[in-house]
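Proteins come first, then strands; the chains are lettered A, B, ... in the order of their sequence lines, and each starts at number 1. Note that the coordinates shown come from a computational prediction; the quantities given were computed from them, not determined experimentally.
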Amino acid sequence: MPQTHAGTHGGPTVRSIMRNELSSAIRNALGSLGVPTPETIELERPARREHGAFSTNVALVSAKAAGRAPRDIAADIAAHLDANPPPQVSRVEVAGPGFVNFHICDEWLHDVLRSVVAAGGLWGRSSTGAGTRVLVEYVSANPTGPVHAGHARGAVYGDSLARILRAVGHEVDEEFYVNDRGVQMQAFAASLAARAAGEEPPSDGYRGDYIAEWAAEMPSGSDPLTWGEARALLDQQEVLAELGVVFDDWFSERRMVNSGAIDTTLQDLRTRGVVFDSDGATWLRSTDFGDDKDRVLVKSDGDVTYLLPDIAYHRDKFARGYDLLVDVWGADHHGYVPRMRAAIEALGHAPSSLEVVITQLVRLERGGQEVRISKRWGDLITLRDLIEEIGPDAVRLTYLLQSVDSPQTVDLDVVVSESNENPVHYIQMANARLRSIDRVAAERGLERAPLGSVDLSVLVDQRELEVLRTLELLPEVVELAARERAPHKVTTWVRDLASAVHGFYHDCPVLHPDTPEPVRQARWWLASAAATGLQVGLELLGVTAPEQM
RNA sequence: GCCCUCGUAGCUCAGCUGGAUAGAGCAGCGGACUUCUAAUCCGCCGGUCGCAGGUUCGAAUCCUGCCGAGGGCGCCA
């Protein structure tokens, strides 16, 4: 039986082991050929299957230093490796401008299957991020109303990012900053009080329908500010939980301010010599740290600006021991990034210890017609509406379909449609089909052999191998998604796996009477491994994987 | 005016630290169920990667400029 190398949490993958073997084989070849060896041997995955499982560009990279033609060097490398073949390599070839391609025996994919089964729910995880504590702050909507559809992208993104960062070993906390202090709270309370008294909200107040609804719920004699804030928080927490978004802490700005954090922070900044007084106000000399203008911290009327509590908050985050702060903000706040980063530096922290992810706007449509999401007016689409209309899984997957760097257009009619345009269905369907194999097998009383006694060499169909090739990618995909803060890369992978699964399911019957028993056993395990892959991927996205549809 | 993000097939989008002939899905056309879920699968059609330079053996990818779309530039939050 081939040795199972990988798959346990943090262990090397089959690919990384092969990569190391190939890498040293190439070094040996270069050494004995007298060709200068580059710092790193790049072994990449060719875009095309026919170019093998690995490809190296060393001949192209070192051509200049060696004073020889790339293809010439490549041919020598290939010849040398042909004479001293690394394990599992079936063929070495020179291609294109001077690439050396390595074709690997399919058996290595069978090792992948064993790795996935052995790892189970831990497949794809690693420990590369161990030792770094990360705080992801996201949503942070004002406690003056329901979470609306515009917040949904950040909510889903932040939660999935946290899951992915954990999967690579980071210690991650998720936090929602509650702006429960300031003029917007007064306006909110005044609006509630007015509606409760049967009057119109003040001109700078909130006019959404929810104000009237909440005012009607409000017991007489309650303080509209206290009651209203609690009502809003409850609503936000409930609806986010429905989406599977649960925070470790809802950090209260008011509590922080009451604890004296503003003064402490201002003191700290003064001690560091980065503030000055001018025109009766107190300023942060943020231009010393890359901002285009200095910023007011305390206004001439004595009130603090919004910036100072934000600085105090981030100072608090560092005080709690986090190494990296990830803030997820909407596109309308991106102008705020330089001053916040300047503040971080002014506090003595590396600018890179704050990372701000800006999520671009989402345009909602119904049948091609734009649906407006506006804040203070009545026609607001809440996150709750959205969840009721398309379901939590569809909300999550839809928002995680593409990079948050890109503006997104979502057609609600398409998302709910029972068609190929609906990727939620496509993926969940793949999982349900795999699960149906177990279900039907149980009904028929079929026995499953232990994996150790199953001969996987019967898995030779391209459909079967494609599933394994896709499964094999997950550790790298998770790694990359974590490093680039890009959950949508996991989504893309899950869709690819679902596609491979549908192909396998279509062409490779498991339980059919014509399927020979040894093939059935091997395919059955393949189906299990694929189901594991789908579940792991969907878990990182926070999307459920129903067993039946 | 300055800053940020984006511009890839008719539509919605992928494209990893630069790699080989730029990929999916939908739409359009044509096929496939005696089988574990046909809400599936296969084939065809479809692209001057916004434009112009530059770097490089090699650019959708990196740099510069321009064009276009969205967002932001307060002692507002």
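Taking the side chain as every heavy atom from C-beta outward, A:W329 and A:H334 never approach each other to under 4.5 Å.
If you check every strand for non-hydrogen atoms under 4.0 Å, A:V440 touches sugar and phosphate atoms only. Residue-level contact check: A:R48 touches the bases, meaning some heavy atom is under 4.0 Å from a base atom. Within 4.0 Å of A:S300, counting heavy atoms only, lies at least one base atom of the nucleic acid. Residue contacts for A:N101: at a heavy-atom cut-off of 4.0 Å it reaches a base atom on one of the strands shown. Counting non-hydrogen atoms under 4.0 angstrom, A:D496 reaches nothing in the nucleic acid. Across all strands, A:S55 comes closer than 4.0 Å to base atoms (heavy-atom distances). If you check every strand for non-hydrogen atoms under 4.0 Å, A:E476 touches nothing. Counting any heavy atom pair closer than 4.0 Å across all strands shown, A:A331 reaches sugar-phosphate atoms only and no base atom.
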Check nucleotides 42-44 of chain B against the protein and report each pair of N or O atoms closer than 3.5 Å, with its distance, or say if there are none.
| unit_1 | atom_1 | unit_2 | atom_2 | d |
| --- | --- | --- | --- | --- |
| B:rC42 | OP1 | A:R463 | NH1 | 3.2 |

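B:rC29 and B:rA22 have their P atoms separated by 27 Å, with the value rounded to a whole Å. Comparing B:rG7 with B:rC49, their C1' atoms are spaced 10 Å from each other, to the whole Å.
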>> Please encode protein proximity along nucleotides 2-7 of chain B as a string of B, S and -, counting only heavy-atom distances under 4.0 Å.
In response: -BBSS-
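Residue A:Y505 places no side-chain N or O under 4.0 Å from the OP1 or OP2 atom of B:rC41. Within the structure, a side-chain polar atom (N or O) of A:T409 is placed less than 4.0 Å from OP1 or OP2 of B:rC13. Between A:K489 and B:rA14 there is no side-chain N or O to OP1 or OP2 distance below 4.0 Å. For B:rG19, neither phosphate oxygen OP1 nor OP2 lies less than 4.0 angstrom from any side-chain nitrogen or oxygen of A:R45. At the phosphate of B:rA38, OP1 or OP2 sits under 4.0 Å from a side-chain N or O atom of A:R433. Checking the phosphate oxygens (OP1, OP2) of B:rC41, a side-chain nitrogen or oxygen of A:Y426 falls inside 4.0 Å. Residue A:K299 places none of its side-chain N or O atoms closer than 4.0 Å to OP1 or OP2 of B:rG74.
Of the possible polar contacts, one joining the A:T515 side chain to the A:P509 backbone as a donor-acceptor pair under 3.5 Å is found.
Listed nucleotides B:rA14, B:rC57, B:rC76 differ in distance to A:Q402; the shortest reach to its side chain belongs to B:rA14. The listed nucleotides are B:rA14, B:rC36, B:rC75; the one nearest the side chain of A:V296 is B:rC75.
Remark: ring of A:F99 stacked against base of B:rA20; centroid gap under 5.5 Å, plane tilt under 30°. For A:H488 and B:rA14, the ring-to-base geometry does not satisfy the stacking test (centroid distance below 5.5 Å, interplanar angle below 30°).
Look at CE on A:M340: it is 15 Å from P on B:rA77, rounded to the nearest Å. Rounded to whole angstrom, the span from the NE2 atom of A:H502 across to the P atom of B:rA38 amounts to 10 Å. For A:L364 and B:rU12, the CG to P distance is 15 Å, given to the nearest whole Å. Whole-Å rounding puts the A:H512 NE2 to B:rU37 P distance at 13 Å. The CH2-C1' distance, from A:W283 to B:rG74, rounds to 10 Å in whole Å.
Geometrically, A:R15 engages A:F54 in a cation-pi contact defined by less than 6.0 Å to the ring centre and at most 45° from the axis.
Scanning all heavy atoms of the two residues, the minimum distance from A:I41 to A:L30 falls at CD1-CD1, 4.1 Å.
Between A:K64 and A:Q548, the residue anchored nearer the 5' end of RNA chain B, judged by the nucleotide with its closest heavy atom, is A:Q548. Toward the 5′ end of RNA chain B lies the nearest nucleotide of A:G96, the other residue of the pair A:G96 and A:V183 mapping further downstream.
Every stem involving RNA chain B, taken as at least 3 paired positions in a row under the Watson-Crick or G-U wobble test at 3.5 Å, is listed here: B:1-7 with B:67-73, B:10-13 with B:23-26, B:28-32 with B:40-44, B:50-54 with B:62-66.
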